[in-house]
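Here's the structure, in structure tokens; my notes come after.
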Amino acid sequence: MDKLLIQGGARLEGEVRISGAKNAALPIMCAALLSAEPLRLANVPHLRDVTTLLSLLGGMGVAVSLDEKLGLELDAGNLHSPFAPYDLVKTMRASILVLGPLLARCGEARVSLPGGCAIGQRPVDLHIKGLQAMGAEINVEHGYIIARAKRLKGARVFSDLVTVTGTENLMMAACLADGTTLIENAAREPEVVDLANCLKAMGANIEGAGSDKISIEGVNALAGATHRIMPDRIETGTFLVAAAATGGSVRLRNTSAHLLAAVVDKLREAGANITAEEDGIALAMDGPPLSVNLRTAPYPAFPTDMQAQFMALDCVARGTAVLTETIFENRFMHALELQRLGADIEISGNTAVVKGVPQLEGATVMATDLRASASLVIAGLVAKGDTVVERIYHLDRGYECIEEKLAQLGARIKRIH
């Protein structure tokens, strides 16, 4: 199993390109199931989750091809098997996103209950409740969601909790439903907007994406389209935090500051000088970082996917920070590993109190989930001596060539096979 070896103490400097967003690419790839014509995608990141989803789609009969510019074409014209088996679904929770499109296009779907990171409960009952409101007959048997509907019908769907994948699943299903669907308390994330933009390019009638009310008027069929995946705002934030923690100066290309305003505000609070550019973001640190308090909440508030990285930054910042996690109940597992590096962290329920220390010390640590992996890498970059990060298959699910990009910026990091 691969590991990362990091020799800490190097200041990050230079320029690096940000990849396409995993959390936008996965639902948009599932949108290909809605049409009998090809969907062509650019800026798709090369990640383990993308490869897993391609295998899942291929098993359903979707033809997959790459062009010379690494553009991806998905052709679901010969879709023959609306079935998502446990072996593929168990490693990736986003695979639940095939449920809505399969049901809308084929009239039936059999999808395994999903797996993914062990960061807490992410129930699928909101997906099921929404599809049932649209007329689907759904049963859960032997670990599988079995759904049937001759044709879905437009409905008003209110979500008790804000759920990104739930909003995306219902939005895709509603595109081929009979009538108008209104999703209330919808997720407002930029990735939801990116999916809506792709669906509209395919001929869908969608209004309100990016707000808490999304209206979709169903059509008889969707066409093929060409779409470019948005930049990854979490990868952007991760590299900005890594540069801030190491006292660095970096420029990130192919991204935008408006995608992560809450993160940029907190980095400025930590002492970073940040410049928003037309096609990127520049960050420079004049001195050691200052501690920043944060509270995670649905977009546009501070993202839960950046909490672990900021905890690593607060470990070496001046002062004491209070971090409150409101989205996932089990998302402080990285704190125990950061403590192995000498961090001063106290956990009480959904709150972590982090007192900055002058120096972290290198050690062997173990990644517990995707974003926890990133926090351990950041901590390793500033720790004295060598840090080994184990179980980095989590990292490969969501970061494209992270060790190569960090090495481009001057980090002393390498993958051990």
Side-chain angles (χ1 to χ4, degrees), residues 12 14-28 41-45 162-165 167-168 171 186-201 206-214 227-245 248-285 289 292-310 313 326-327 371 374 398-400 405 409:
L12 297 190
E15 190 174 296
V16 76
R17 178 187 172 280
I18 295 300
S19 300
K22 172 184 90 96
N23 290 340
L26 298 177
I28 288 171
L41 303 174
N43 202 36
V44 179
V162 177
T163 160
V164 175
T165 53
T167 299
E168 292 168 338
M171 187 164 66
R188 300 162 60 185
E189 271 74 359
E191 293 81 7
V192 174
V193 177
D194 204 33
L195 171 61
N197 290 338
C198 178
L199 291 169
K200 287 194 280 189
I206 300 173
E207 294 182 2
S211 75
D212 62 355
K213 288 185 181 180
I214 302 176
H227 180 79
R228 182 176 179 82
I229 304 296
M230 63 173 278
D232 195 319
R233 62 192 174 100
I234 304 303
E235 184 191 26
T236 301
T238 299
F239 276 88
L240 290 174
V241 172
S249 176
V250 300
R251 182 175 180 272
L252 309 181
R253 291 181 287 108
N254 188 44
T255 189
S256 173
H258 85 266
L259 294 173
L260 63 167
V263 171
V264 168
D265 286 348
K266 286 297 176 183
L267 282 166
R268 286 183 170 138
E269 202 178 306
N273 297 309
I274 296 178
T275 306
E277 300 177 355
E278 188 175 338
D279 184 42
I281 305 174
L283 176 145
M285 290 293 285
V292 289
N293 301 326
L294 61 90
R295 180 184 181 86
T296 66
Y299 188 87
F302 191 90
T304 181
D305 278 356
M306 285 300 305
Q307 175 258 108
Q309 297 90 314
F310 268 80
L313 176 66
T326 73
I327 306 295
R371 305 308 173 185
Y399 290 95
E400 184 177 43
K405 290 184 177 183
L409 297 173

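Start at 1 with the first residue, then count along the sequence. Heavy atoms only: backbone and side chains are in, while hydrogens, waters and symmetry mates are out.
- Side-chain contact check for R188 versus P300: some heavy-atom pair is nearer than 4.5 Å.
- Checking R371, Q309, R233 one by one against T238, the side-chain hydrogen bond (donor to acceptor under 3.5 Å, both in side chains) holds for a single residue, Q309.
- Atom CZ of F239 is separated from atom CG of L12 by 8.5 Å, given to the nearest 0.5 angstrom.
- For the pair P298/I327, a side-chain contact is recorded, criterion being any heavy-atom separation below 4.5 Å from C-beta on.
- By the side-chain hydrogen bond (donor to acceptor under 3.5 Å, both in side chains) test, K200 is found to be paired with no residue, residues two or more places apart in sequence or in another chain being considered.
- When all heavy atoms of A270 and L313 are compared, the pair lying nearest together is CB-CD2, 4.2 Å.
- When side chains are defined from C-beta on, L252 counts as touching V250, because their heavy atoms get closer than 4.5 Å.
- Checked by atom type and distance alone, the side chain of R295 never pairs as donor or acceptor with a backbone atom of T326 at under 3.5 Å.
- The CG atom of D279 sits 6.0 Å away from the CG atom of N254 when rounded to the nearest 0.5 Å.
- Closest non-hydrogen pair, L259 versus P190, comes out as CD2-CB, 4.0 Å.
- One N or O on the side chain of D194 and one on the backbone of M230 form a donor-acceptor pair closer than 3.5 Å.
- Scanning both residues, A187 and V162, for their nearest heavy atoms gives CA-CG1, 3.7 Å.
- Nearest heavy-atom pair across N293 and E269 is N-OE2, 4.3 Å.
- With rounding to the nearest 0.5 Å, the separation of CD1 in I274 from CE in M285 is 9.0 Å.
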Using atom types as modelled, flag every donor-acceptor pair under 3.5 Å from a side chain in residues 17-26 to any protein atom, sequence neighbours excluded.
unit_1: R17; atom_1: NH2; unit_2: N43; atom_2: OD1; d: 2.8
unit_1: S19; atom_1: OG; unit_2: E400; atom_2: OE1; d: 2.3
unit_1: S19; atom_1: OG; unit_2: K405; atom_2: NZ; d: 2.7
unit_1: K22; atom_1: NZ; unit_2: D49; atom_2: OD2; d: 3.2

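- In terms of heavy-atom proximity, E277 sits nearest to A282 at OE2-CB, 3.7 Å.
- The CG atom of L240 sits 6.0 Å away from the CG atom of L267 when rounded to the nearest 0.5 Å.
- For E235 against Y399, the heavy-atom pair with the smallest separation is CA-CE2, 3.9 Å.
- Proximity of N273 to T275: side-chain heavy atoms (C-beta onward) are nowhere separated by under 4.5 Å.
- Taking CG from L41 and CZ from R228, the interatomic distance works out to 11.0 Å, rounded to the nearest 0.5 Å.
- Put simply, CD1 on I214 and CD on E207 are 11.5 Å apart, with the number rounded to the nearest 0.5 Å.
- Annotation: side-chain hydrogen bond (donor to acceptor under 3.5 Å, both in side chains) contacts of S256 (sequence neighbours excluded): H258.
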